[in-house]
*Asks:* 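To start, I am sharing the structure in question, which I have written as structure tokens.
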Number of protein chains: 2
Amino acid sequence: MITSLTIQQAAKACGLTVHTLRYYERIGLIGPVPRQANRHRLYHAEDMQWLEFLLKLRTTGLPIAQMLRYAELRRLGNSIESVSERKAMLAQHTRTLEATLINMQQTIAILHGKLAMYTEMERQLNATTATREEYSDDRTAEHPTPPHPPTRR
Amino acid sequence: MITSLTIQQAAKACGLTVHTLRYYERIGLIGPVPRQANRHRLYHAEDMQWLEFLLKLRTTGLPIAQMLRYAELRRLGNSIESVSERKAMLAQHTRTLEATLINMQQTIAILHGKLAMYTEMERQLNATTATREEYSDDRTAEHPTPPHPPTRR
DNA sequence: GCTTGACTTTGAGCACACTCTAAGTTTTAT
DNA sequence: ATAAAACTTAGAGTGTGCTCAAAGTCAAGC
């Protein structure tokens, strides 16, 4: 098992660029990364775990300013104050995420509806091309003509 | 039923600012909004419906550049090309969203785990304050000490 | 000893999506 | 007639989160 990574390896491992890794360190999202004798950074398992948790927060939309506060609290250690504020922050973010999730599910449902509508429109457009039927110029694409039985000749 | 809205009313109705409404029109996300005699915009039900759909795309992370393409295709009418490209765009976004949803559910689960951990840490910290027990300085907060039976005196 | 490549730092630059400012017009109320 | 409120435009400015550039250091291989 590899126990420590160069900045390039770390970047590859977590899907960031080396620039972003240094940026996160510069702003204090990750504390000073231990260096080798030649001043090159060496990322260890614990750094990578913290980083990956940060990335979960980031990809779920937590702003950097809040991640910074969380990181600061973590550095302060496990005092009652630090723990309860971190807990409050994560609880708040969780509530936001749960709301976002529901909203996203609704949007997905609407999108599936639209997709079905487009499929139906495509069917009608193909029928039109074949049979010279006319169809309404539905610019809003909100009210597709429902499927109908094939025209009897 | 109100049939048309001023820009302020429209902004309030959809949760944007008047600035953003004009900005969306300027860049072409919404086509030229009909004007009153005094050149003031009047938003109608169909404008609002389109706007609300755009906002669903926006809040689920579709970039403006893509919304612009979608808007352009819509303006082109319901040709086979327009319909199928719009369908493809929404299908792609739906797939992205479904993946995001799963990822978000995983993160929510992890957050619930962290929250439980913090609750347990708080319990132990309170016990410590009361009984002068010591606890590990768990900076990573990844391995909380499991609950244990109360110290027998 | 010189080149190559991976790293270092500081600071500037960029893309995105707004957000606001300034100056002007139009309608309504006094 | 004048003031106030709501709108108009073009264009400049802002915040967030990177992303890159320039100049330098260091170790390894030829």
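Labels below follow one simple rule: chain letters A, B, ... track the order of the sequence lines, proteins then strands, and each chain is numbered from 1.
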*Asks:* Without decimals, in angstroms, what is the distance between Glu25(B) CD and dT19(C) P?
*Replies:*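 The answer, rounded to whole Å, is 18 Å.
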*Asks:* Using modelled atom types and a 3.5 Å cut-off, is there a donor and acceptor pairing between side-chain atoms of Asp47(A) and backbone atoms of His44(A)?
*Replies:* yes
*Asks:* Rounded to the nearest angstrom, tell me the gap between atom CG in Leu42(B) and atom C1' in dA6(D).
*Replies:*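 About 13 Å, once rounded to whole Å.
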*Asks:* Go through it in stages, so that I can follow the logic: the residues are Ile80(A) and Glu122(B), the test is side chain to side chain contact (heavy atoms under 4.5 Å, CB included), and I'd like the CA-CA distance, side-chain angles, deciding distance and then a yes or no.
*Replies:* CA-CA 6 Å; Ile80(A) 303 149; Glu122(B) 284 176 332; 5.6 Å; no
*Asks:* Is there a donor-acceptor contact under 3.5 Å linking the side chains of Thr119(A) and Arg123(A)?
*Replies:*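 Judged by distance alone, the side chains do not pair up.
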*Asks:* Would you kindly give the CZ-to-C1' distance between Arg41(A) and dC26(D), to the nearest whole Å?
*Replies:*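 Answer to the nearest Å: 15 Å.
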*Asks:* Taking OP1 and OP2 of dC7(D), is either one under 4.0 Å from a side-chain nitrogen or oxygen of Gln8(B)?
*Replies:* yes
*Asks:* Calculate the interatomic distance between Asn38(B) atom CG and dT28(C) atom C1'; express it in whole Å.
*Replies:* 12 Å
*Asks:* To the nearest Å, give me how far apart NE2 (His40(B)) and P (dT27(C)) are.
*Replies:* 7 Å
*Asks:* Which of the following nucleotides, dT8(D), dC18(C), dG17(D), is nearest to the side chain of Tyr23(A)?
*Replies:*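 The nucleotide sitting nearest to the side chain is dG17(D).
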*Asks:* Is there a side-chain polar atom (N or O) of Arg35(B) under 4.0 Å from OP1 or OP2 of dT9(D)?
*Replies:* yes
*Asks:* Do any side-chain nitrogens or oxygens of Arg39(A) fall under 4.0 Å of OP1 or OP2 in dC7(C)?
*Replies:* no
*Asks:* Calculate the interatomic distance between Arg26(A) atom CZ and dC18(D) atom P; express it in whole Å.
*Replies:*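 So the two atoms are 12 Å apart, to the nearest Å.
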*Asks:* Using heavy atoms to find the nearest nucleotide of DNA chain D for Pro63(A) and Arg22(A) separately, return the residue whose nucleotide is more 5′.
*Replies:* Pro63(A)
*Asks:* Say whether Arg95(B) and Gln92(B), considering side chains only, have a donor N or O and an acceptor N or O under 3.5 Å apart.
*Replies:* yes
*Asks:* Output the rounded distance in Å from CG (Leu21(B)) to P (dA6(D)).
*Replies:* 17 Å
*Asks:* Expressed in angstrom and rounded to an integer, what is the separation of Ile27(B) atom CD1 from dG11(D) atom P?
*Replies:*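 So the CD1-P distance, Ile27(B) to dG11(D), works out to 17 Å.
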